[in-house]
Amino acid sequence: MLDTLGELERTHTCGELRIGDVGQKVVLMGWVAKKRDFGPLTFIDLRDRDGITQVVLNEADTSGAHAKAKGLRGEFVIAVKGKTVEREGTHNPKLATGDIEVHADEILILNEAKVPPFQLEVAGNENLADESARLKYRYLDLRRAEMQNNIRTRAKVVTAIREYMDGAGFTEIETPILLKSTPEGARDFIVPSRIHAGKFFALPQSPQILKQLTMIAGFDKYYQIARCFRDEDLRADRQPEFTQLDVEMSFTNREQVYRLMQGTFNHVYKKFDIELPEAWPRMTHAEAIRRYGSDKPDLRFEMELIDLSGDLADTDFGPFAEALKANGTIKCIVVKGRADYSRKQTDELQEFVKRYGAGALAWIKLGDETTSSLLKVLGEEKIAQLAATAAAEKGDAVLIVAGRKSVVAASLGALRLEVAKRENLIPENVYKPLIVTEFPLFEYNDAEDHYDAAHHPFTAPMDEDLEQFREAVEGDKRELLGGVRAKAYDAVINGIEVAGGSIRIHQRDVQALNFKAIGLTQEKARERFGFFLEALEYGTPPHGGFAAGIERTLMALLHNDNIRDLIAFPKTASAQDLMMDSPGEVDEAQLKELGIKTFTRETRSIH
RNA sequence: GGGGUCGUAGUUCAGUUGGUUAGAACGCCAGCCUGUCACGUUGGAGGUCGCGGGUUCGAGCCCCGUCGGCCCCGCCA
């Protein structure tokens with residue numbers, strides 16, 4: 001028979017009591033984390049959201065409570081009435097409450113619990129249960145201190161953001177979750193409507209257009225903690241639904257947005273006693289790609305990419321010569337002190353870069369003797385020259401990739417991170433923020449042989465590139481589009497893209513150019529976002545803003561590389577919820593009402 | 001859409017070249033124990049080796065398919 005709570009109120013949490021509380025009568029409530037039974041003496045680790053307090057039951061003092069404790073099992077929910085005393089034996093420095101313990105004279109069993117499907121308290125994360133078990137029993141996983149900390153840190157971050165935005169004069173405005181599908185960008189989640197059977201709403205990929213409309217509406221400074229939805233494949237840092245700080249302001253320029261982005265992050269980080277520089281370092285997109293092979297460089301370590309194409313301009317080695325002839329490049333990174341890389345290891349690294357489209361990974365090892373996969377084709381002298389250009393020293397390994405510029409950047413950029421992880425080159429508890437500027441306005445789409453908007457189609461070009469932009473579109477020199485830079489920027493911390501944004505186009509003729517560049521006809525554009533184009537014609541102020549990923553901000557802050565750990569109820573890599581078992585089927589009647597027929601996986605391709 | 005990797009007790013894992021009764025630790029259950037905090041100690045229970053098919057005298061191990069977790073490419077700011 002369970003006890004009832006009645007009028008009993010708890011006096012403290014399980015993480016609160018200190019040596020100064022000795023002598024106090026207290027009431028604690030929580031879960032049984034652990035029981036250590038010595039016969040006449042029993043210890044219980046009582047856990048709640050705040051920590052763990054040791055409860056002691058001595059048969060000699062309170063035989064009733066002691067006897068009752070015999071029946072306690074892990075995760076039972078209990079209330080304990082007792083007295084705070086200084087520990088008799090050794091204090092426990094691992095617990096915040098480790099100097100005291102509570103001598104219980106009464107225990108109430110408020111609820112029992114089945115044996116959990118996995119152990120909540122285990123030493124070391126490597127012994128933690130498989131993630132699918134943790135996801136199925138998410139409510140149990142969330143009881144663990146680490147997860148409690150993650151979720152509560154998240155709340156603290158969001159609170160800090162609201163505090164800062166409010167202080168800076170921004171108005172929080174909610175925008176609809178039920179929107180209209182727009183064909184470009186990510187795939188939409190669509191929502192049927194009974195009232196409009198056969199028609200669909202779409203969930204927002206982001207409130208982009210709506211936040212621009214708040215500028216046209218004259219709110220001047222808008223922000224929102226907005227849920228975003230994208231029906232795309234997942235990654236360790238991507239979930240189908242995630243949360244953004246969405247910000248937009250009027251009468252602004254890039255410098256003002258940079259200051260606001262920095263200010264926001266600096267304010268948030270300060271809550272965790274982390275000082276970021278008031279003005280973050282900056283780097284253009286082109287420089288980031290050139291030096292780090294990435295538009296979100298991790299600046300916690302060096303190992304920059306070095307260009308070897310100058311030294312190899314006259315080479316007749318097939319793969320290199322072809323790469324250079326096709327306007328490609330040859331670059332390398334230097335791994336300090338790893339001339340001892342084995343054949344197996346370089347093979348592994350070669351397999352790694354091949355994922356990014358690299359044909360091969362060439363290497364030079366400056367050991368006691370210099371060895372190289374290129375020795376036969378280039379000769380000793382050239383090898384020595386390349387090593388010198390790379391500034392490699394005795395004992396180092398040089399890893400080289402040749403090919404298209406984008407492939408060399410992607411593969412070496414990724415290799416740089418991979419090697420840094422393997423070699424433990426990334427310092428812990430260091431935060432290296434960066435603002436990446438001047439992103440390209442357009443991205444060449446290989447598969448369809450045309451240019452897409454790199455950010456979104458309302459991003460303004462840089463004033464300096466407006467001329468070239470006009471020429472590219474009106475003079476029909478499409479190849480010039482690749483060189484047009486945008487007033488677009490990202491905020492990066494430790495190689496994680498935590499925010500991104502742009503100054504928007506507010507002039508009709510530039511917007512028209514932009515649509516033409518990406519092959520969107522007047523009619524198509526009107527069809528897709530006519531309401532927005534119309535709005536632009538009623539006095540749109542110059543405006544711009546950014547969006548910051550809440551989960552990514554937390555990943556950077558907590559040095560966590562799994563986005564699921566930062567969302568209370570996340571989905572798996574295949575976009576399922578293992579706890580609710582969603583998505584699920586619905587009744588035939590429901591579908592009928594909505595005017596929807598479904599097809600199975602097998603019949604879908606036949607239609 | 002493609003690639004990699006994992007799937008054995010409640011959990012984390014081991015399991016030789018295919019060989020007889022599939023192991024360990026933690027957890028769980030029962031006993032003992034008055035200062036533990038990864039308590040100790042004695043004993044015990046617990047297995048559709050993800051699922052289906054195949055090869056074989058014999059499959060946890062080999063082959064084919066399939067399902068699921070994780071990671072990556074494509075995709076996605």
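It should be emphasised that the depicted structure is a prediction, and the values quoted were computed from it without experimental measurement. Residue numbers start from 1 in every chain, and the chains themselves are labelled A, B, ... in the order their sequence lines are given, proteins ahead of strands.
Side-chain N or O atoms of A:Ser502 include none that pairs as donor or acceptor with a backbone N or O of A:Ala488 at under 3.5 Å. Distance alone, capped at 3.5 Å, places no donor-acceptor pair between the A:Arg254 side chain and the A:Ile503 backbone. Between the side chain of A:Glu551 and the backbone N or O of A:Ile563 there is no donor-acceptor pair closer than 3.5 Å.
The residue A:Ala133 sits apart from the nucleic acid: no heavy atom pair falls under 4.0 Å. Across all strands, A:Tyr356 comes closer than 4.0 Å only to sugar-phosphate atoms, never to a base (heavy-atom distances). Here A:His455 lies in heavy-atom contact (under 4.0 Å) with a base. A:Asn562 comes within 4.0 angstrom of no nucleic acid atom, judged by non-hydrogen atoms across all strands. Contact annotation for A:Ala547: no contact, since no heavy-atom pair falls under 4.0 Å across all strands. Residue contacts for A:Arg230: at a heavy-atom cut-off of 4.0 Å it reaches the sugar-phosphate backbone alone, with no base atom in range. Among the heavy atoms of the strands lying under 4.0 Å from A:Pro117 are primed sugar atoms or P, OP1, OP2 only; no base atom is included. Across all strands, A:Thr90 comes closer than 4.0 Å to base atoms (heavy-atom distances). Note on A:Glu351: nothing from the nucleic acid sits closer than 4.0 angstrom, heavy atoms only.
Comparing the same atom, P, in B:U8 and in B:G52 gives a spacing of 15 Å after rounding to whole Å. B:G54 sits 32 Å from B:C70 when the P atoms are compared, rounded to a whole Å. Comparing the same atom, C1', in B:C49 and in B:C61 gives a spacing of 10 Å after rounding to whole Å. Separating the C1' atom of B:U20 from that of B:U16 is a span of 16 Å, rounded to the nearest Å. For the C1' atoms, the distance from B:C26 to B:A45 is 16 Å, rounded to whole Å. Between B:C13 and B:U17, the distance separating the two P atoms is 22 Å to the nearest Å. When the P atom is compared between B:U36 and B:U5, the two are found 49 Å apart, to the nearest whole Å. Straight-line distance between the P atoms of B:A30 and B:U66: roughly 47 Å, to the nearest whole Å.
Of the residues in residues 232-241 of chain A, those with a non-hydrogen atom less than 4.0 angstrom from any atom of RNA chain B are A:Glu232, A:Asp233, A:Arg235, A:Ala236, A:Arg238.
Mapped onto RNA chain B by nearest heavy atom, A:Arg564 and A:Glu101 fall at different nucleotides, with A:Glu101 at the one closer to the 5' end. Between A:Asn92 and A:Arg355, it is A:Asn92 whose nearest contact on RNA chain B lies nearer the 5' terminus.
Base pairing analysis places B:G46 opposite nothing; no Watson-Crick or G-U wobble pair with both distances below 3.5 Å involves it. B:U17 is unpaired under the criterion used here, namely a Watson-Crick or G-U wobble arrangement in which both key atom distances are under 3.5 Å. Across all strands shown, the partner of B:C26 is B:G10, judged by Watson-Crick or G-U wobble contacts whose two distances both fall under 3.5 Å. With a cut-off of 3.5 Å on both pairing distances, B:C39 has no Watson-Crick or G-U wobble partner at all. For B:C75, there is no paired nucleotide, since no Watson-Crick or G-U wobble pair has both relevant distances below 3.5 Å. If you check B:G65 for Watson-Crick or wobble pairing at under 3.5 angstrom, you find it paired to B:C51.
In this pair, A:Phe458 and A:His456 present their aromatic rings tilted. The plane angle is within the 30 to 60° band.
Between the CZ atom of A:Phe229 and the C1' atom of B:A77 there is a distance of 17 Å, given to the nearest Å. Note: CG (A:Asp37) to P (B:A30) measures 11 Å, nearest angstrom.
With hydrogens and angles ignored, a donor-acceptor pair closer than 3.5 Å exists between the side chain of A:Gln119 and the base of B:G10. Side-chain N/O atoms of A:Ser132 and base N/O atoms of B:C70 include no donor-acceptor pair closer than 3.5 Å. The base of B:U36 sits within donor-acceptor range of the side chain of A:Gln54, with an N or O pair under 3.5 Å. Looking at A:Arg134, its side chain has no donor and acceptor atom pair within 3.5 Å of the base of B:U11.
Other residues, nucleotides and ligands contribute at most 12 non-hydrogen atoms within 6.0 Å of the NZ atom of A:Lys136. Counting heavy atoms of neighbouring residues, nucleotides and ligands inside a 6.0 Å radius, atom CZ of A:Arg404 does not exceed 12 of them. Counting heavy-atom neighbours within 6.0 Å of A:Lys94 NZ, excluding the residue itself, gives a total of 12 or less. The environment of NZ in A:Lys571 is crowded: more than 12 heavy-atom neighbours from other residues, nucleotides or ligands sit within 6.0 Å. Counting heavy atoms of neighbouring residues, nucleotides and ligands inside a 6.0 Å radius, atom NZ of A:Lys432 does not exceed 12 of them.
Taking the side chain of A:Arg73 as heavy atoms from C-beta on, and the options B:A30, B:U34, B:C37, the nearest nucleotide is B:A30. Closest to the side chain of A:Leu578, out of B:C37, B:G69, B:G35, is B:G69.
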Step by step, would you call A:Tyr222 with A:Asp246 a side-chain hydrogen bond (donor to acceptor under 3.5 Å, both in side chains)?
-> CA-CA 8 Å; A:Tyr222 144 97; A:Asp246 199 42; 2.8 Å; yes

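Considering CD of A:Glu101 and CD of A:Glu86, their distance stands at 9.5 Å, rounded to 0.5 Å. A distance of 6.5 Å separates CG in A:Asp295 from CG in A:Asp490, rounded to the nearest 0.5 Å.
We find that A:Lys34 and A:Asp45 are not joined by a salt bridge, their nearest charged nitrogen and carboxylate oxygen being 4.0 Å or further apart.
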Could you list all N or O pairs between the protein and nucleotides 41-45 of chain B that sit under 3.5 Å apart?
none

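Contact between the side-chain N/O atoms of A:Lys34 and the OP1/OP2 oxygens of B:C39 is found at a separation under 4.0 Å. The side chain of A:Thr42 contributes no N or O atom lying less than 4.0 Å from OP1 or OP2 of B:U34. When the side-chain nitrogen and oxygen atoms of A:Lys94 are compared with OP1 and OP2 of B:A38, one or more of them lie within a distance under 4.0 Å.
Put simply, A:Phe38 does not rest on the base of B:C33: the two rings are not both less than 5.5 Å apart at their centres and under 30° in tilt.
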